[in-house]
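Here is the structure we will look at.
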Amino acid sequence: EALLNRSLNYLNARLEGSCSPYSLAWAVMALSAHGHEGAHRLKNRLERCTAAKLDQLPRRVLALVSLALEDIPFTFQEPSR
């Protein structure tokens, strides 16, 4: 658990200044999957950076961004039953 938290904190810190929609989308999904408090801040950054580069992004990146920007970001976890 401690290693996971350190890893999530590292990921959050590394991407704090990033404007790469691809990297930010993956980070938002990873942080959201574990309920990390940095997910919301990176999600806001992802929205701004994607809007600024919208006409330059390949479809595969836009698809990834759309998963990360869902109301509840896609997390690769099975739904609870």
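As the structure is a prediction and not an experimental result, all values here were calculated from the model.
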**Report entry** Value rounded to 0.5 Å, distance of SG in C49 from CG in L54
**Finding:** 12.5 Å
Query - salt_bridge(E16, R41) N-O dist < 4.0 Å - result: yes
Query raised in the report: So, H36 and N5: side-chain donor and acceptor under 3.5 Å apart, yes or no?
Result: no
Ignoring hydrogens and angles, write down the donor-acceptor pairs under 3.5 Å from the side chains of residues 26-34, residues two or more places apart or on other chains.
{"residue": "W26", "atom": "NE1", "partner": "Y22", "partner atom": "OH", "Å": "3.4"}
{"residue": "S32", "atom": "OG", "partner": "V28", "partner atom": "O", "Å": "2.8"}

Query raised in the report: Can you name the nearest heavy-atom pair linking V61 to P21, along with the distance?
Result: CG1-CB, 4.1 Å
Report task. Drop me the distance from E70's CD to L67's CG, to the nearest 0.5 angstrom. Result -> 5.5 Å
**Report entry** Gap between atom CG of L8 and atom CD of E37 - 0.5 Å precision
**Finding:** 9.0 Å
Report task. Kindly say whether K43 contributes a backbone atom to a donor-acceptor pair with the side chain of R48 at under 3.5 angstrom? Result -> no
Query raised in the report: Are Y10 and L24 joined in one hydrophobic group, where the rule is that I, L, V, M, F, W and Y side chains link up if heavy atoms are under 4.5 Å apart?
Result: no
**Report entry** Closest contact, heavy atoms only, G38 versus N12
**Finding:** CA-OD1, 3.6 Å
Requested in this report: Measure across S20 and S18 and return the closest heavy-atom pair with its distance rounded to 0.1 Å.
Outcome: N-OG, 3.1 Å
